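Reviewing the structure listed below.
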Amino acid sequence: MDEKQSFPKGMSPNEVAKKLGLSVQSVYKYIQDGSIKVKAVPYGKERITYVISETAYQEAEKLLK
């Protein structure tokens, strides 16, 4: 089974930062405070990667502009 297949569709915090013109640190801050909704996806043994859906991105864009 290909590991990428089980990933939810969406953008990484890096991609969202670029699209919104923010630093990646800012995006993580907004994830922590709940302004940007994410799916936390276990990745490897101890890591978690965040996936931001198109809908969550659009909500964040409205909120942060």
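Every value quoted in this text rests on a predicted model; they were computed, and no experiment measured them.
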Can you list the residues that meet the side-chain contact (heavy atoms from CB on, under 4.5 Å) rule with E54, with sequence neighbours excluded?
M11, Y57, Q58
Just jot down the side chain to side chain donor-acceptor pair (under 3.5 Å) partners of N14, sequence neighbours excluded, or say none.
none
Which residues pass the side-chain contact (heavy atoms from CB on, under 4.5 Å) test with L64, sequence neighbours left out?
L20, L22, Y30, I36, A60
With rounding to the nearest 0.5 Å, note down the distance linking NZ in K39 to OG in S53.
5.5 Å
Quick one: list whatever passes side chain to side chain donor-acceptor pair (under 3.5 Å) with S23, sequence neighbours left out.
S26
Side chains of I31 and Y50, heavy atoms from C-beta outward: is any pair under 4.5 Å?
yes
Can you tell me which residue pairs pass the salt bridge (charged side-chain N to carboxylate O under 4.0 Å, His left out) test with a partner in residues 14-28, sequence neighbours excluded?
none
Taking C-beta and beyond as the side chain, do I52 and S12 meet within less than 4.5 Å on heavy atoms?
no
State yes or no: do V16 and I48 share one hydrophobic cluster built from I, L, V, M, F, W and Y residues joined by side-chain heavy-atom distances below 4.5 Å, directly or via other members?
yes
Would you please name every residue forming a side-chain contact (heavy atoms from CB on, under 4.5 Å) with K37, sequence neighbours left out?
A56, E59
